[in-house]
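Here the structure comes first, spelled out in structure tokens, and everything after it is commentary.
Model, not experiment: these values are computed from the prediction. Sequence lines set the chain letters: A, B, ... in the order given, protein chains first and strands last, and positions in each chain run from 1. Side chains included, hydrogens not; waters and symmetry mates left out as well; all remaining heavy atoms used.
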Amino acid sequence: MPAKLPSTIAPHLLARYDRHARDLPWRAPPGTPPPAPYRVWLSEVMLQQTQVATVKPYFERFTTRWPDFESLAAADEGELMAAWAGLGYYARARNLLACARQVVRDHGGRLPDTEAELRKLAGIGDYTAAAIAAIAFGARAVVVDANVERVVARLAALEDPLPAARPTVRALADTITPEPRAGDFAQAMMDLGSDICTARAPRCLLCPLRADCAGHASGAPERFPVKTPKRKRPHRRGTIFWLTSGDSVLLVRRPDKGMLGGMRALPTGPWTDAAPGLAEPPIPAEWRLHDATVRHGFTHFTLECTLASARVEAHINPEAGSWWPIDDLDSAGLPTLFAKAAAVMKKQG
DNA sequence: TAGGCGTGGAC
DNA sequence: TGTCCAAGCCT
């Protein structure tokens, strides 16, 4: 394990935070009482692997429509999933509802204030439990996210590659986390990672920790954190079925488990190495394969879907499907892959 | 424990 | 275009 980090880091960082803290809807200015735990929790879940600019409009809509745990716990799951559409990682939405119901049922509608208790709730892992404990309740918790990993790896010029070196990073972060203002410290680290100590081309000339940083001293701070190489993403092919009747199109609900679980969707065939053509349509019909395709990148593979369409006279009623007005598809809450496909089909007429 | 799980921005 | 990356969690 590398040497202990300089004790000047926390005061330097907090001094910058007092002057330059970002003004965010879920954040209280430094030196003022913390926001409601509900808002801290909701923002932290939305921010998991998701950038601030993307989260802002979702946070505003959710807090307007469901301002507290009680109202969210009473929400209809389908409406909540639709409201989450476009934000990604849809298991978060299912866990959000499960967590709100846990809080109402087991904790009287108030979020527990310790890491250990928070950690038991759906969708709350090590990072989120620490962040809530520190930011909402003022506890001294060691908050380690991707920003903290990057900043600490640079401060220490850590040669051990992530993610294996995560325990080392956490131990180093522990040595610089202050007892008072642990929440401000965590948010200050994230602001630093977002504004200055960025993944590529860090702006060291603006950094309040420059004199404390072994990465900067090394002359190549962008080299850190060292990471083990990733496997490249495979390509898959699929077909999206556009079945219309009158002014409506057939939508299905995807299984809770697996890709886009629980989301409303256009029917698809299998996703495989080779283009599957008209395999596994939602119903037998005079399907026509189009030239148009839709490409979409997921976390661990990219998908290219061919579009197929057919028309039926009556609103047949398949078990898992429902008819949706084509002009109102924006309100269906479709994941981006299907929103793209719908846009192409509406354009083609 | 390593892989499944979305999306949009930066370059 | 492709690639990497981002306030991770779950199994």
Nearest-angstrom distance from the residue atom CD of A:E304 to P of C:dT1 | 11 Å
B:dC5 phosphate, OP1 or OP2, under 4.0 Å from A:H300 side-chain N/O | yes
Mind checking the C1' distance from B:dT1 to C:dC9? Whole angstroms is fine.
-> 14 Å
Does A:Y90 have a side-chain nitrogen or oxygen under 4.0 Å from the phosphate oxygens OP1 or OP2 of B:dT7?
-> yes
Describe the nucleic acid contact of A:M46 in one word from base, sugar-phosphate, nothing, applying a heavy-atom distance below 4.0 Å.
-> nothing
Can you name the one residue among A:I176, A:I9, A:D184 that meets side-chain contact (heavy atoms from CB on, under 4.5 Å) with A:M189?
-> A:I176
For C:dC9, does OP1 or OP2 lie under 4.0 Å from any side-chain N or O of A:T128?
-> yes
Linking I/L/V/M/F/W/Y whenever their side-chain heavy atoms sit closer than 4.5 Å, directly or via other members, would A:M259 and A:M81 fall into one cluster?
-> yes
CG of A:D191 versus P of C:dA7: gap in Å, rounded?
-> 11 Å
Any donor-acceptor pair under 3.5 Å joining the side chain of A:T54 to the base of B:dG9?
-> no
Hey, is the side chain of A:R200 pairing donor to acceptor with the base of C:dC4 inside 3.5 Å?
-> yes
N or O in side chain of A:H296 less than 4.0 angstrom from B:dG6 OP1/OP2 | no
Measure from the side chain of A:K227, starting at C-beta and using heavy atoms only, and say which of B:dG6, C:dA7, C:dC5 lies closest.
-> C:dC5
With DNA chain C as reference, determine whether A:E44 or A:I124 sits nearer its 5' end, using the nearest nucleotide of each.
-> A:E44
How many Å lie between CG on A:L87 and P on C:dC9, as a whole number?
-> 15 Å
Touch class at under 4.0 angstrom, heavy-atom based, for A:G86 against every strand present = sugar-phosphate
Using a heavy-atom cut-off of under 4.0 Å over every strand shown, decide if A:P163 touches base, sugar-phosphate, or nothing.
-> nothing
Using a 4.5 Å cut-off on heavy atoms from C-beta on, say whether the side chain of A:V103 contacts that of A:Y38.
-> no
So what does A:W84 touch, heavy atoms closer than 4.0 Å: a base, only the sugar-phosphate, or nothing?
-> nothing
With distance as the sole criterion, is a donor-acceptor pair present between the side chains of A:H290 and A:S309 under 3.5 Å?
-> yes
Side-chain N,O (A:Q49) to OP1/OP2 (C:dG8) below 4.0 Å = yes
For the pair made of CZ in A:F59 and P in C:dA7, what is the distance, rounded to whole Å?
-> 18 Å
Could you check which of B:dG6, C:dC4, B:dG8 has an atom nearest any side-chain atom of A:T336?
-> B:dG8
Please work out if A:A146 contacts a base, only the sugar-phosphate, or nothing of the nucleic acid, heavy-atom cut-off 4.0 Å.
-> sugar-phosphate
Which part of the nucleic acid, if any, lies within reach of A:L303 when heavy atoms closer than 4.0 Å are counted: base, sugar-phosphate only, or nothing?
-> nothing
Decide yes or no for A:F298 and A:L260: does some side-chain heavy atom of the first lie under 4.5 Å from some side-chain heavy atom of the second?
-> yes
C:dA6 P sits how many Å from A:K56 NZ, rounded?
-> 19 Å
Sugar-phosphate, base or nothing in reach of A:A122, heavy atoms under 4.0 Å | sugar-phosphate
Can you check the A:Y89 OH to B:dG4 C1' distance for me, whole Å?
-> 9 Å
Rounded to the nearest 0.5 Å, the CG atom of A:N95 sits from the CD atom of A:Q48 at a distance of 8.5 Å
If we take the P atom in both B:dG4 and C:dA7, what is their distance in whole Å?
-> 23 Å
How long is the line joining CE of A:M190 and C1' of C:dG8, in whole Å?
-> 12 Å
Toward the 5' end of DNA chain C, which comes first, A:G123 or A:N147, by nearest nucleotide?
-> A:N147
The side chain of A:F298 lies closest to which of these nucleotides: C:dA7, B:dC5, B:dT7?
-> B:dT7
Options C:dA6, B:dT7, C:dA7, nucleotide nearest the side-chain atoms of A:L260 = B:dT7
Can you find a donor-acceptor N/O pair under 3.5 angstrom joining the side chain of A:R150 to the base of C:dA7?
-> no
Answer with yes or no whether the side chains of A:T177 and A:D174 bring together a donor and an acceptor at under 3.5 Å.
-> no
Whole angstrom value for the distance that separates C1' of C:dC10 from CZ of A:R94 | 11 Å
